[in-house]
Participant: 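This is the structure, below, for whatever I ask next.
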Amino acid sequence: MSNMRELYQEMILDHHKHPRNFGRLAGANCHAEGFNPLCGDRVTVYARVEGGDIRDLSFEGSGCAICMASASLMTDELAGRSIDHADKLFVQFHDLVTGESAKSPDVDALGKLAVFMGVREFPVRVKCATLPWHALRAALKDGAKAPVSTE
Ligand code: ZN
């Protein structure tokens with residue numbers, strides 16, 4: 001179990017140091033900003049949504065390792081997936097980091113996102129991990145109203 005934890009920590013630090021999908025997204029048709037005053041994390045998520053699908057995703061901002069790694073892994077995991085899938089994964093991820101659900105997390109469905117399992121032991125960090133997800137949800141809500149490109 002401790003090896004697993006080290007592996008998870010390494011992955012989080014790696015994504016913190018080398019965030020994927022970092023920067024403003026060209027062609028984004030929705031975005032939203034999230035702020036976590038408890039920690040000072042600030043993240044803007046950009047998405048290009050067509051129909052019910054998230055064609056592309058990126059983020060920018062600054063914050064702690066947990067928040068930045070969460071944004072990096074989230075954008076990696078959800079680019080090219082459907083909004084339905086993102087909604088389902090959000091619920092799974094929320095359960096994973098809060099430990100509130102009676103069910104054990106669906107590690108298969110979560111894939112790499114399972115690295116945030118340890119966050120449940122640090123309740124103050126839960127908001128750091130979920131901030132990018134809340135920003136994404138706000139962006140997608142916006143995107144649903146955005147004109148759909150016919151190209
Ligand atoms: Zn934080």
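As the structure lists them, so they are numbered: ligands from 1, and atoms in each ligand from 1.
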Participant: Among the N/O/S atoms of Asp41, select the one at the shortest distance from the Zn ion (ligand 1) and name it.
Facilitator: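 Nearest N/O/S atom: OD2.
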Participant: The Zn ion (ligand 1) as vertex, arms to SG of Cys39 and SG of Cys64: angle to 10°?
Facilitator: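 Value, to the nearest 10 degrees: 110°.
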Participant: Distance-only check: which donor-acceptor pairs under 3.5 Å involve side-chain atoms of residues 123-131, not counting sequence neighbours?
Facilitator:
residue: Thr130; atom: OG1; partner: Val126; partner atom: O; Å: 3.1

Participant: Verify whether the ring centers belonging to Tyr46 and Phe59 lie closer than 6.0 Å.
Facilitator: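 Between Phe59 and Tyr46, which both carry aromatic rings, the centre distance is not below 6.0 Å.
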Participant: Is the Zn ion (ligand 1) under 2.8 Å from any N, O or S atom of Cys67?
Facilitator: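 Of the N, O and S atoms in Cys67, none lies under 2.8 Å from the Zn ion (ligand 1), which means no.
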Participant: Just checking Arg20: does its CZ atom have more than 12 heavy atoms from other residues, nucleotides or ligands closer to it than 6.0 angstrom?
Facilitator: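 More than 12 within 6.0 Å, yes.
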Participant: Please tabulate, for side-chain N and O atoms in residues 107-117, each donor-acceptor pair with protein atoms closer than 3.5 Å (sequence neighbours left out).
Facilitator:
none

